[in-house]
Enquirer: 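Sending over a structure as structure tokens; questions will come in a sec.
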Amino acid sequence: MSSDVRVDLNEAVMTVTLDRPSKKNAITAEMYAAMANAIEKAQADTGVNAVFLRGEGGNFTSGNDIGLFVSSDQSEHKTSPALPFLTAILALKKPLVACVRGHAVGIGATVLLHCDYVVASDDARLRFPFVDLGLCPEFASTLLLQNIVGRSKATEWLLLGTPIAAAEALRAGLVNSVMSADLAEEEALSIAKRLAAKPQGALRATRELIRGDVSESPSARIVRESAVFDALRRSDEAQVIFKRFLDRSAETVAQRS
Ligand code: COA
């Protein structure tokens with residue numbers, strides 16, 4: 001495992017920290033591999049209910065280590081070292097929460113489109129600099145960004161590479177909340193812990209529906225939701241919750257009489 005990535009587990013939340021502050025947490029191939037490994041473990045470990053992604057030293061990440069782009073290997077279609085990391089994120093069935101402080105550039109901004117909840121500090125600055133680097137955006141960001149913020153903003157940010165201030169990211173719906181840097185970390189971790197403490201069957205099924213095919217017709221979606229709803233209703237998880245509620249109501253009635 002890369003020493004520039006730290007992994008901690010607390011209250012069913014796995015925290016993955018990019019820890020290379022001298023390079024603004026620029027991500028090397030070893031760091032991608034370590035993050036992919038951590039997220040695969042989070043998916044497999046029944047003791048993990050949520051993943052929290054953050055950067056050390058006041059920045060989220062300055063993105064791909066630019067050194068990774070400079071290669072004497074000019075063979076066609078060499079896969080990106082970021083791919084196993086993004087693949088692990090796509091395969092993760094548990095909520096992913098991020099805290100963005102300072103710079104979130106390139107993959108640092110792209111990964112946010114795959115998160116379930118993002119807290120930004122008021123000094124956060126997001127940027128998709130791909131065109132300026134002679135590249136194009138990746139990992140479905142040409143699709144996801146416009147789904148989230150609309151085509152005109154997505155076009156502006158992806159073509160011009162304009163830096164996006166925290167307040168603008170919030171207005172556009174790219175992050176969930178913005179607060180001072182000292183509170184942002186605490187808030188993001190607390191959101192991850194709240195998600196980790198929810199009934200997990202219901203949470204994961206709902207998350208899967210939200211992330212499902214957005215082009216599905218409302219009537220087809222109603223049919224699918226109804227099947228999931230009924231399976232959840234019959235689950236042990238839900239039955240325990242219903243029973244607890246009814247027992248509590250019965251206790252209240254007994255106390256009143
Ligand atoms: N890859 C490799 N090294 C990076 C890096 C990256 N993506 N981002 C920052 N660094 C290094 C700098 O080279 C510098 O190293 P040095 O101290 O050995 O000279 C160190 O990190 C600090 O960066 P610096 O540029 O001095 O900090 P800054 O606060 O002035 O600017 C950024 C921060 C993020 C705006 C700026 O570093 C930057 O634009 N980085 C490149 C971002 C990028 O294009 N990423 C690729 C996305 S696909």
Side-chain angles (χ1 to χ4, degrees), residues 2-6 16-36 39 53-74 76-90 96 98-115 118-146 148-149 153-169 172 174-175 178 180-182 184-185:
S2 164
S3 57
D4 294 328
V5 172
R6 285 200 332 265
V16 179
T17 301
L18 291 162
D19 191 7
R20 198 186 175 210
S22 64
K23 299 288 180 187
K24 312 278 171 183
N25 298 327
I27 310 175
T28 60
E30 293 72 28
M31 290 166 75
Y32 277 126
M35 290 195 293
I39 290 174
L53 197 55
R54 62 180 293 276
E56 196 59 80
N59 288 290
F60 187 50
T61 169
S62 58
N64 235 53
D65 190 300
I66 300 274
L68 281 177
F69 291 141
V70 185
S71 164
S72 54
D73 181 357
Q74 295 297 346
E76 225 177 285
H77 210 90
K78 195 164 174 287
T79 56
S80 157
L83 189 60
F85 166 59
L86 264 296
T87 305
I89 282 181
L90 287 180
L96 178 63
C99 177
V100 179
R101 293 175 56 190
H103 294 289
V105 189
I107 187 86
T110 303
V111 74
L112 304 179
L113 308 175
H114 295 270
C115 287
V118 180
V119 180
S121 64
D122 43 22
D123 68 347
R125 232 171 140 73
L126 282 56
R127 200 156 83 85
F128 299 91
F130 300 99
V131 169
D132 287 341
L133 289 169
L135 301 168
C136 74
E138 53 184 352
F139 299 118
S141 53
T142 52
L143 197 64
L144 292 177
L145 187 61
Q146 61 176 309
I148 297 168
V149 305
K153 272 292 158 200
T155 303
E156 177 186 329
W157 292 344
L158 294 180
L159 294 189
L160 289 174
T162 339
I164 308 156
E168 194 180 3
L174 191 50
V175 303
V178 175
S180 63
D182 51 333
E185 293 272 351

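Order of appearance sets the numbers: ligands from 1, and atoms from 1 within every ligand.
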Enquirer: Protein heavy atoms near atom 1 (N) of ligand 1, is at least one of them under 4.0 angstrom away?
Expert: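 Flag for atom 1 (N) of ligand 1 set to true, protein heavy atom closer than 4.0 Å.
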Enquirer: How close does the nearest protein non-hydrogen atom get to atom 45 (N) of ligand 1, and which residue and atom is it?
Expert: Ser62 O, 2.8 Å
Enquirer: With heavy-atom distances below 4.0 Å as the criterion, list the atoms of ligand 1 near Phe130.
Expert: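 Within the 4.0 Å cut-off of Phe130, ligand 1 contributes 48 (S).
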Enquirer: When you measure from the side chain of Asn59 to the backbone N and O of Asn25, does any donor-acceptor pair fall under 3.5 Å?
Expert: no
Enquirer: Is there at least one protein heavy-atom neighbour under 4.0 Å from atom 42 (C) of ligand 1?
Expert: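 Neighbour list for atom 42 (C) of ligand 1 includes protein heavy atoms (cut-off 4.0 Å).
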Enquirer: Report the part of Ala26 (side chain from C-beta onward, or backbone N, CA, C, O) that has a heavy atom under 4.0 Å from ligand 1; answer both or neither where that applies.
Expert: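 For Ala26, only side-chain atoms sit under 4.0 Å from ligand 1.
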Enquirer: Among all the protein's heavy atoms, is there at least one whose distance to atom 26 (O) of ligand 1 comes out below 4.0 Å?
Expert: no
Enquirer: By number and element, which atoms of ligand 1 are closer than 4.0 Å to a non-hydrogen atom of Val105?
Expert: 42 (C), 43 (C), 45 (N)
Enquirer: Atom 46 (C) of ligand 1: which protein heavy atom is closest, and how many Å away?
Expert: Ile66 CD1, 3.6 Å
Enquirer: Which atoms of ligand 1 are found less than 4.0 Å from any heavy atom of Ser22?
Expert: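 Listed by number with element: 20 (C), 21 (O), 22 (C).
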Enquirer: Does some non-hydrogen atom of the protein lie less than 4.0 angstrom from atom 29 (O) of ligand 1?
Expert: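 It does: a protein heavy atom is found less than 4.0 Å away from atom 29 (O) of ligand 1.
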Enquirer: Note the single closest protein heavy atom to atom 39 (O) of ligand 1, along with its residue, its atom name and the distance in Å.
Expert: Arg127 NH2, 4.6 Å
Enquirer: Rounded to the nearest 0.5 Å, what's the gap from CG on Leu144 to NE2 on His114? Could you check?
Expert: 5.0 Å
Enquirer: Among Arg125, His103, Lys24, which residue places a heavy atom closest to atom 23 (O) of ligand 1?
Expert: Lys24
Enquirer: Where the side chain of Gln146 meets the backbone of Thr142, is there a donor-acceptor pair that is under 3.5 Å apart?
Expert: yes
Enquirer: Does Phe60 reach the side chain of Leu126, with side-chain heavy atoms less than 4.5 Å apart?
Expert: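 No - every pair of side-chain heavy atoms lies 4.5 Å or more apart.
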Enquirer: May I ask you to list the atoms of ligand 1 that are less than 4.0 angstrom from any heavy atom of Gly106?
Expert: 47 (C)
Enquirer: Would a search of protein heavy atoms around atom 14 (C) of ligand 1 find one under 4.0 Å away?
Expert: no
Enquirer: Over all heavy atoms of both residues, which pair between Ala109 and Ala104 is shortest? Give the atoms and the distance, please.
Expert: CB-O, 3.7 Å
Enquirer: Hydrogens and angles aside, do Thr17 and Asp19 bring a side-chain donor and acceptor to less than 3.5 Å of each other?
Expert: no
Enquirer: Do Met35 and Leu18 come close enough that some side-chain heavy atom pair is under 4.5 Å?
Expert: yes
Enquirer: Are any side-chain N or O atoms of Thr61 and backbone N or O atoms of Gly55, one a donor and one an acceptor, separated by less than 3.5 Å?
Expert: no
Enquirer: Does Asp65 come within less than 4.0 Å of Arg20, counting only side-chain N to carboxylate O?
Expert: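 Salt bridge present between Asp65 and Arg20.
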Enquirer: Any nitrogen or oxygen of Leu133 lying under 3.5 Å from a nitrogen or oxygen in ligand 1? Just yes or no.
Expert: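 Leu133 vs ligand 1: no N/O contact under 3.5 Å.
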Enquirer: Give a yes or no on whether atom 21 (O) of ligand 1 lies under 4.0 Å from any heavy atom of the protein.
Expert: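 So atom 21 (O) of ligand 1 has protein heavy-atom neighbours under 4.0 Å.
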Enquirer: Starting from atom 16 (P) of ligand 1, what is the nearest protein heavy atom, named by residue and atom, and what distance separates them?
Expert: Lys23 NZ, 3.6 Å
Enquirer: What I'd like to find out is whether the side chain of Ile27 reaches to under 4.5 Å of the side chain of Phe85, using heavy atoms alone.
Expert: no
Enquirer: Can you tell me which residue and heavy atom of the protein come closest to atom 7 (N) of ligand 1, and the distance to 0.1 Å?
Expert: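 Of every protein heavy atom, Asn64 O, 3.0 Å lies nearest to atom 7 (N) of ligand 1.
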Enquirer: Please indicate whether Arg125 has more than 12 foreign heavy atoms, meaning atoms of other residues, nucleotides or ligands, lying under 6.0 Å from its CZ.
Expert: no
